[in-house]
Amino acid sequence: MNFFIYKCLLIILLLCASGVGIIFAQTPQRVTCTNRRNRCFLKTMICPRECPSRNSKVPKVKACYVNCDSPICKAECKSRIPNCNGLGSACYDPRLIGGDGIVFYFHGKSNEHFSLVSDSNLQINARFIGLRPAGRTRDYTWIQALGVLFGTHNFSVEAKKATTWDNNIDHLKFSYDGKEIILQESWNSQENYVKLERISSKNSVAISIREAVEIAVNVVPITTEDDRIHKYQIPSDDCFAHLEVQFRFVGLSTKVEGVLGHTYQPDFESPAKLGVAMPVVGGEDKYRTTSLLSTDCKYCMFFPVREFDQIQSSVAADYGRLNCSSKLSHGNGIICKK
Ligand SMILES: *[C@@H]1O[C@H](CO)[C@@H](O)[C@H](O)[C@H]1NC(C)=O
Ligand SMILES: *[C@@H]1O[C@H](CO)[C@@H](O)[C@H](O)[C@H]1NC(C)=O
């Protein structure tokens, strides 16, 4: 009998404690995937308690991450700063991790541009900077800038050149539709297509391009330590400030191209599976573009939907399943066939 009362008391205590916990903890956000192309279309997910919000302001606190292609359609916790060992990352002298988790290198060439992702609704190019010490057969390269095109809009993020590195100086530079953005804490484009949010006061930002991609970006220098280990021989007047990035894509098509993008194709055959330990991916000629915001690479397949602003995502998403051609210029329209 006594035992029963104790048990009841204990249960009441526990209920009270958890009630208080619920009151003080932030209510987990509810999120829905709105892109028809995703597996979890219209599924409502609740953020885990450990990361109740999608917009955690504290760099060390994880944010709620909604993977709309997750097999189980559940929200997860993810760090908002780029994880250079995570899927979709591009860091160092570009070392990339593909959609299949395989690590590979793409050297490119300094002062040139290559398409990292080219899909019908999204194009992401990278500008490579670097140097070639005497006697080397190729350039050492890093990603200095990203240029993004989606719908009829364009966006870029760059690392500003610096002689020497100072942590107290911000090296990020942005532009949207050709105009520079001055980023205080956060910024939204007029129609909310692009959202920027500083993750720390300097050199770290979370970029969100609605229904297309989330990009975590840091600016980092080549340190004297990196230089010593890798024998880059960087000059004293340039620390090669560059980007570390990690992409989380929403609704890529199965035909997605680009240095990183093609590894997200469902039938992508990884060179690592063929027994290559640290594969270097070539394809410079397939993916080279003439500038940061051009879509003229051989394998580029970006197809800007002119009426992006009117056609809402649900319709725009359907373009992936249609056979569209802009080359047939019957008036302003585009021609699509199922
Ligand atoms: C970027 O957008 C602006 C505004 O629409 C446009 O004037 C500019 O030509 C675009 N740049 C590229 C390279 O598409
Ligand atoms: C798309 O349409 C064009 C012209 O009608 C045709 O030649 C091409 O084979 C089609 N492509 C696909 C993938 O259906």
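By convention here, the first residue in the shown sequence is residue 1. Computed over heavy atoms, backbone and side chain alike; hydrogens, waters and symmetry mates excluded. Atoms within each ligand, like the ligands themselves, are counted from 1 in listed order.
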Atoms of ligand 1 under 4.0 Å from any heavy atom of Leu293, numbered from 1 in the order shown, are 13 (C)
Exercise. For the cysteines Cys33 and Cys73, is the SG separation below 2.5 Å?
Worked result: no
Identify whether the distance between the nearest side-chain nitrogen and carboxylate oxygen of Lys78 and Glu76 falls below 4.0 Å.
yes
Considering all protein heavy atoms, does one lie under 4.0 Å from atom 7 (O) of ligand 1?
no
For the cysteine pair Cys64/Cys51, does the gap between the two SG atoms stay under 2.5 Å? no
Exercise for the section: Looking only at distances, please establish whether an N/O atom of ligand 1 is found under 3.5 Å from an N/O atom of Asn154. Expected result: yes
To atom 3 (C) of ligand 1, the nearest of Leu292, Thr152, Asp177, Thr295 on a heavy-atom basis is Asp177
- Verify the cluster assignment for Phe104 and Phe114: are they in a single hydrophobic cluster under the rule of side-chain heavy atoms below 4.5 Å apart? yes
